[in-house]
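Contents: one structure, followed by commentary.
This one's a predicted model, so the numbers in the text were calculated from it and none came from an experiment. Note on naming: letters A, B, ... go to the chains in the order of the sequence lines (proteins, then strands), and numbering restarts at 1 for each one.
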Number of protein chains: 2
Amino acid sequence: MGATASPVTMRTLAEKLGVSVTTVSNAYSKPDRLSPELRGQILATAKELGYCGPSAAGRALRSGRTDVCGFLFGGEIADAFADPYTIAFLAGLSESVERFGASVLLLRAPGEGDDDELQLLQRAAIDALVICSSTTEHPGMELLVQRGVRVVGAQQAAEGDWVAVNDEKAGRLIGKHLAKLGHRRVTVVVPGELPDEEPFEVAPEEIGAVAGAFAAERFRGLREKLPDAELRIVCAGWRPKQAGRAAAGFALDVQDRPTAIVAMSDLLALGVADAVRERGLRPGRDISITGFDDIPDAAAAGLTTIRQPATDKGRLAGRLAMDPDYPQRQITLPIELVVRSSTGPAPKR
Amino acid sequence: MGATASPVTMRTLAEKLGVSVTTVSNAYSKPDRLSPELRGQILATAKELGYCGPSAAGRALRSGRTDVCGFLFGGEIADAFADPYTIAFLAGLSESVERFGASVLLLRAPGEGDDDELQLLQRAAIDALVICSSTTEHPGMELLVQRGVRVVGAQQAAEGDWVAVNDEKAGRLIGKHLAKLGHRRVTVVVPGELPDEEPFEVAPEEIGAVAGAFAAERFRGLREKLPDAELRIVCAGWRPKQAGRAAAGFALDVQDRPTAIVAMSDLLALGVADAVRERGLRPGRDISITGFDDIPDAAAAGLTTIRQPATDKGRLAGRLAMDPDYPQRQITLPIELVVRSSTGPAPKR
DNA sequence: GTTGTCATGTTTATCGTTAAAGTGTATCGT
DNA sequence: ACGATACACTTTAACGATAAACATGACAAC
């Protein structure tokens with residue numbers, strides 16, 4: 001009735017049963033430190049009084065653990081989650097984090113000057129942070145680390161924990177494939193922020209800043225296998241349609257169009273393929289297209305791509321995040337070139 | 001060096017500046033309660049000492065607020081997030097929750113006997129919980145409410161907070177449309193758990209238990225407008241391919257096949273449409289198909305569907321979740337029948 | 001001159017839990 | 001029969017922050 005929502009705490013239980021609060025606590029977190037009978041009684045009384053386990057706040061404050069793993073992604077949530085790769089990664093992460101009795105907190109990467117976002121990230125109650133976005137460089141990362149948050153990246157680096165693929169090797173695989181097919185004029189489509197919604201050309205030395213270190217690595221590998229090719233780079237935003245427009249503006253509706261387009265993700269590649277077909281061109285014959293990730297749609301679309309184990313990547317990232325004692329802190333996962341119909345010999349002209 | 005990570009707290013700042021801890025606290029959470037100069041000093045000192053704002057744990061314990069909104073979804077994360085509707089909802093939710101300076105915590109709905117999942121949900125440090133899954137009925141919901149967590153549903157109910165559409169009306173819209181086109185034999189495809197990976201037929205009175213209350217409501221509306229039609233219900237799992245198999249088994253490869261298939265989501269409808277085309281049948285001519293949600297792919301596929309504002313739904317859910325004073329606690333959003341080419345007159349036979 | 005109000009702080013008392021150390025009894029090897 | 005161990009608890013002391021109430025001086029209103 002008038003009784004305000006009774007705050008049932010461990011103390012309530014302890015008093016009712018005539019035991020110490022610590023014992024109640026142990027009933028939950030250290031079952032082997034009290035007799036099974038007593039533990040049974042405590043749990044039964046808890047159920048009876050409607051006590052639902054140690055309060056997260058109290059536990060977090062005292063023990064320093066929150067059992068929450070942050071998931072940092074760039075850009076808008078709708079864009080990020082539109083990519084099956086991200087979802088597969090998140091699914092793996094969530095699965096493994098769950099095994100440690102923890103949950104995943106969604107966190108948007110703060111923009112350059114965005115102080116609110118930064119605060120949200122800084123103050124977040126998390127034990128660890130998994131970074132899925134293209135860049136591992138983010139404002140305020142050092143503070144997080146200093147705060148004791150384990151940061152796990154998704155790309156290779158000299159220091160820190162990460163689960164990644166060898167992006168340079170991936171670039172080499174694509175480059176070798178295209179070189180063998182005779183391509184000498186290639187346009188690379190990378191993701192990135194579009195200030196005016198318009199795609200723009202990127203200089204090779206700026207590719208890391210625009211699209212992330214992973215793109216720079218892949219480009220390096222590509223260049224290695226196509227040393228004397230004419231390579232251009234276009235930043236195409238995050239969405240497939242934007243990629244289509246970018247391809248149109250910088251690769252399809254130009255004189256001396258490239259014979260191949262290398263997209264940094266399958267999602268972008270599919271957008272490019274659409275634009276190609278709209279112009280009556282045949283992917284793999286008139287122009288070759290490659291993607292990255294090998295999402296399910298890639299197979300259906302016959303897209304040549306690099307397969308990377310997205311779900312495993314997430315799973316391992318979760319493991320590094322939740323288990324500080326896991327020995328191997330830098331993990332490289334295998335990749336594989338999957339050749340389908342979207343690539344073929346460079347047309348002679 | 002040997003210095004263990006210094007735990008910089010408000011006290012550190014307070015002592016260094018010779019002010020009270022409360023004042024430091026106020027510098028962060030109640031800026032108008034101290035002079036701007038002092039606040040400036042405090043913040044500057046904070047930066048200098050590497051203090052990154054009030055600890056979430058301490059704040060949560062004392063104030064009772066966590067600035068976290070739970071997002072509860074059913075099934076596997078990969079399945080849930082494969083549906084553009086869910087993502088649009090989540091994007092809206094995330095956007096509005098962010099405006100309140102909070103973040104979103106992913107939580108899986110606990111299965112019947114799954115105690116671990118239940119604990120994860122019960123103990124989660126959240127101020128509010130938004131339920132996106134088909135059912136609002138979940139074990140342990142009362143305890144959450146009792147704990148003071150605001151629960152926001154995504155379907156109509158007599159009590160509690162929700163943001164939803166009128167599902168019965170949606171059913172009527174589809175029913176009326178099909179009735180006018182002369183359909184008298186209709187199979188309804190609903191989502192749900194598949195115990196053996198096999199689709200199965202569902203009795204009308206069980207539809208709520210299998211697929212959720214929303215499906216029952218829609219069926220009721222459908223039945224109202226097709227009073228003397230022959231209606232069958234099939235549970236098809238969560239994925240488009242599963243829906244295709246279900247349609248095959250219960251609607252396409254049977255004698256006296258229905259003239260229309262009503263799917264409870266566009267995702268399922270697209271799976272059905274694929275199965276239909278595989279058999280050389282033409283959607284909208286040989287057999288009519290309807291979906292639900294109006295996801296982007298629906299337009300491309302020419303799918304007749306019910307449009308519902310998924311992102312707005314998420315946004316408003318976030319608002320109800322984070323703002324206990326928001327006056328309207330039960331919100332019905334508009335829907336609209338979008339007729340495309342996947343429906344047409346029932347073929348005579 | 002008295003009272004009231006405002007701005008700007010401080011003091012005090014927790015929020016609910018767990019780590020660390022301590023207490024008392026039973027069991028065991030020698 | 002002795003100290004050593006193990007067990008099953010209890011006591012003590014925080015973890016870091018904020019709500020609520022109280023203090024102080026300035027300034028305005030009457």
- [ ] Hey, can you tell me if Y51(A) and Y28(A) have their rings parallel, tilted or perpendicular (30° and 60° cut-offs)?
- [x] perpendicular
d([atom1], [X]; [atom2], [N]) in whole Å:
{"X": "R11(A)", "N": "dT17(C)", "atom1": "CZ", "atom2": "C1'", "result": "13 Å"}
{"X": "D127(A)", "N": "dC15(D)", "atom1": "CG", "atom2": "P", "result": "19 Å"}
{"X": "D32(B)", "N": "dA7(C)", "atom1": "CG", "atom2": "C1'", "result": "10 Å"}
{"X": "E15(A)", "N": "dG16(C)", "atom1": "CD", "atom2": "C1'", "result": "13 Å"}
{"X": "L17(B)", "N": "dT8(C)", "atom1": "CG", "atom2": "P", "result": "17 Å"}
{"X": "R123(A)", "N": "dG16(D)", "atom1": "CZ", "atom2": "P", "result": "16 Å"}
{"X": "K30(B)", "N": "dT8(C)", "atom1": "NZ", "atom2": "C1'", "result": "14 Å"}
{"X": "I42(B)", "N": "dA17(D)", "atom1": "CD1", "atom2": "P", "result": "13 Å"}

So what does [X] touch, heavy atoms closer than 4.0 Å: a base, only the sugar-phosphate, or nothing?
{"X": "S20(B)", "answer": "base"}
{"X": "S55(B)", "answer": "sugar-phosphate"}
{"X": "V24(B)", "answer": "nothing"}
{"X": "T23(B)", "answer": "base"}
{"X": "Y28(A)", "answer": "nothing"}
{"X": "V21(A)", "answer": "base"}
{"X": "L61(B)", "answer": "base"}

Task: Whichever of S63(A) and G18(B) has its nearest DNA chain C nucleotide further upstream toward 5' - done: G18(B)
Open item on the list: Pick the closest DNA chain C nucleotide for T9(A) and for R62(B) by heavy atoms, then say which residue is nearer the 5' end.
Closed with: R62(B)
Taking the minimum atom-to-atom distance to the side chain of [X], which one of [options] wins?
{"X": "Y51(B)", "options": "dA17(D), dT10(D), dT18(C)", "value": "dA17(D)"}
{"X": "M10(A)", "options": "dG16(D), dA17(D), dT17(C)", "value": "dT17(C)"}
{"X": "P7(B)", "options": "dG16(D), dT18(D), dG9(C)", "value": "dG16(D)"}

Between the side chain of [X] and the main-chain N/O of [Y], is any donor-acceptor distance below 3.5 Å?
{"X": "W162(A)", "Y": "A157(A)", "answer": "yes"}
{"X": "T86(A)", "Y": "A80(A)", "answer": "yes"}
{"X": "D127(A)", "Y": "C69(A)", "answer": "no"}
{"X": "S25(A)", "Y": "V21(A)", "answer": "no"}

Open item on the list: Can you say whether a donor on the side chain of T22(A) sits under 3.5 Å from an acceptor on the base of dT11(D), or the other way round?
Closed with: yes
Open item on the list: Under 4.0 Å from OP1 or OP2 of dT18(D): is there any side-chain N or O of S25(B) that close?
Closed with: yes
Task: Smallest separation among heavy atoms of I77(B) and L90(A), with atom names - done: CD1-CG, 4.0 Å
Task: R33(B) or S29(B), whichever maps to the more 5' nucleotide of DNA chain D - done: S29(B)
